[in-house]
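Below: one structure, written as structure tokens.
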Amino acid sequence: MKHTIFILLILALTGCEIFTVGSKRPPVQEINQRTSVGAVYLFKSELDSNNTPAATEVLARPNGNQLLAIEKYELYDEMNRLGRLIAKKPITLTRTDTISTTLQHVKLEFNYQKKMTFTTQKIADSWYIVDIAE
């Protein structure tokens with residue numbers, strides 16, 4: 001009798017999960033230009049590392065053309081300002097609004113306080129930021 005209860009108890013404990021240790025982790029976001037959110041995360045990571053030239057590589061014009069080198073250089077001061085606003089702050093909320101197959105609005109919240117909207121556009125199989133609104 002003792003052996004059957006013991007065997008049933010062992011089978012019951014190994015057959016199902018009674019409780020979960022730890023918490024559920026949010027999905028990992030890839031930091032690349034394959035997705036619109038990934039492009040924004042790439043932009044933020046470059047600002048976090050104080051790499052302004054690389055941050056401007058993710059930017060493009062709203063008409064779908066790449067920025068010229070002189071235009072990227074002229075944006076350095078603005079990128080440094082944005083870096084001071086959002087650098088090293090955790091992203092606490094991410095929302096994506098799809099406007100079309102090649103245009104999306106990515107809304108981010110930084111440290112539960114600062115909200116920004118990034119308009120992203122797909123240009124030649126890569127996503128670029130074409131507008132930033134605070």
Side-chain angles (χ1 to χ4, degrees):
M1 182 70 179
K2 284 184 177 179
H3 293 294
T4 55
I5 293 175
F6 181 72
I7 290 173
L8 288 174
L9 180 66
I10 294 295
L11 287 174
L13 290 177
T14 59
C16 63
E17 182 180 15
I18 295 175
F19 59 90
T20 304
V21 177
S23 62
K24 213 173 190 187
R25 292 185 181 183
V28 176
Q29 175 62 47
E30 290 186 27
I31 301 177
N32 56 33
Q33 288 181 274
R34 293 185 193 141
T35 63
S36 60
V37 177
V40 175
Y41 273 63
L42 176 63
F43 178 74
K44 186 189 179 321
S45 69
E46 296 298 353
L47 290 179
D48 285 348
S49 63
N50 202 22
N51 192 354
T52 305
T56 59
E57 291 295 322
V58 186
L59 301 177
R61 290 190 196 126
N63 64 5
N65 294 330
Q66 298 282 339
L67 293 174
L68 298 174
I70 189 71
E71 293 173 319
K72 291 176 186 178
Y73 179 76
E74 289 172 352
L75 288 172
Y76 282 7
D77 290 336
E78 180 66 18
M79 294 301 106
N80 288 329
R81 184 187 74 81
L82 273 176
R84 288 189 298 273
L85 288 175
I86 64 174
K88 308 295 183 199
K89 292 185 181 176
I91 297 173
T92 53
L93 178 69
T94 304
R95 292 196 182 200
T96 305
D97 293 333
T98 303
I99 308 304
S100 70
T101 57
T102 60
L103 191 66
Q104 293 183 357
H105 292 300
V106 179
K107 297 176 184 178
L108 296 183
E109 182 181 77
F110 300 98
N111 203 20
Y112 298 105
Q113 297 173 349
K114 183 78 175 161
K115 295 180 182 179
M116 296 183 79
T117 302
F118 297 87
T119 304
T120 59
Q121 185 173 359
K122 190 172 189 176
I123 304 168
D125 295 331
S126 294
W127 287 89
Y128 292 90
I129 298 171
V130 295
D131 187 39
I132 301 172
E134 296 180 40

Can you list the steps and then say if Glu30 with Thr35 is a side-chain contact (heavy atoms from CB on, under 4.5 Å)? CA-CA 8 Å; Glu30 290 186 27; Thr35 63; 5.9 Å; no
Return the CD1 to OH distance between Ile91 and Tyr41, rounded to the nearest 0.5 Å. 4.0 Å
Show your working on side-chain contact (heavy atoms from CB on, under 4.5 Å) between Leu75 and Leu67 and close with a plain yes or no. CA-CA 10 Å; Leu75 288 172; Leu67 293 174; 3.7 Å; yes
Compile the donor-acceptor pairs under 3.5 Å between side chains in residues 107-115 and protein atoms, sequence neighbours left out, one pair per line.
{"residue": "Lys107", "atom": "NZ", "partner": "Asp97", "partner atom": "OD2", "Å": "3.1"}
{"residue": "Glu109", "atom": "OE1", "partner": "Thr92", "partner atom": "OG1", "Å": "3.0"}
{"residue": "Lys114", "atom": "NZ", "partner": "Glu134", "partner atom": "OE1", "Å": "3.3"}

Hydrophobic cluster membership, with links at side-chain heavy-atom distances under 4.5 Å among I/L/V/M/F/W/Y: are Leu47 and Tyr76 in one? no
Qualifying residues under salt bridge (Lys or Arg N to Asp or Glu O under 4.0 Å), relative to Lys89, sequence neighbours excluded: none
Specify the closest pair of heavy atoms between Ala60 and Asn65, including all atoms of both residues, with the distance to one decimal. CB-O, 3.6 Å
Within the supplied structure, the quantity of interest is the number of heavy atoms (other residues, nucleotides, ligands) at a distance under 6.0 Å from Asp125 CG; does it exceed 12? no
Test log, rule side-chain contact (heavy atoms from CB on, under 4.5 Å), inputs Lys72 and Leu59: CA-CA 8 Å; Lys72 291 176 186 178; Leu59 301 177; over 6 Å; no
Please check this pair: side chain of Thr120 against backbone of Gln104, looking for a donor-acceptor N/O pair closer than 3.5 Å. yes
Is there a donor-acceptor pair closer than 3.5 Å between any side-chain N or O of Thr56 and the backbone N or O of Pro53? yes
Side-chain heavy atoms nearer than 4.5 Å, only ILVMFWY residues, links allowed to pass through others: does that put Ile86 and Val37 together? yes
Do Leu42 and Gln33 have side-chain heavy atoms sitting under 4.5 Å apart? yes
Residues Ser36 and Val106: closest non-hydrogen pair is OG-CG2, 3.9 Å
side-chain contact (heavy atoms from CB on, under 4.5 Å) between Asn80 and Asn50, worked out: CA-CA 8 Å; Asn80 288 329; Asn50 202 22; 4.3 Å; yes
Among the clusters formed by ILVMFWY side chains lying less than 4.5 Å apart, do Tyr73 and Tyr128 turn up in the same one? no
Are Arg81 and Asp77 packed together at the side-chain level, in the sense that at least one heavy-atom pair is separated by less than 4.5 angstrom? no
Can you tell me how far the OG atom of Ser126 sits from the CD atom of Gln66, to the nearest 0.5 Å? 8.5 Å
Check Asp48 against Ala87 and note the closest heavy-atom contact, atom names and distance. OD1-CA, 3.1 Å
Would you mind reporting whether Thr117 and Arg95 have side-chain heavy atoms less than 4.5 Å apart? no
Those residues that, when tested against Glu46, pass side chain to side chain donor-acceptor pair (under 3.5 Å) (two or more places apart): Asn51
With a 4.5 Å cut-off on side-chain heavy-atom distances among I, L, V, M, F, W and Y, is there a chain of contacts connecting Ile99 to Ile129? no
Gap separating the CZ atom of Arg84 from the CE atom of Met79, nearest 0.5 angstrom: 11.5 Å
To the closest 0.5 Å, what do you measure between CG (Leu68) and CD1 (Ile70)? 9.0 Å
CH2 of Trp127 to CD of Gln121: how many Å apart, nearest 0.5 Å? 8.5 Å
Measuring from Lys122:NZ to Ser100:OG, what's the distance to the nearest 0.5 Å? 11.0 Å
Do Ile132 and Glu78 make a side-chain contact, defined as non-hydrogen atoms from C-beta onward lying under 4.5 Å apart? no
In this structure, would Leu103 and Phe43 fall into the same cluster of hydrophobic residues linked by side-chain contacts under 4.5 Å? no
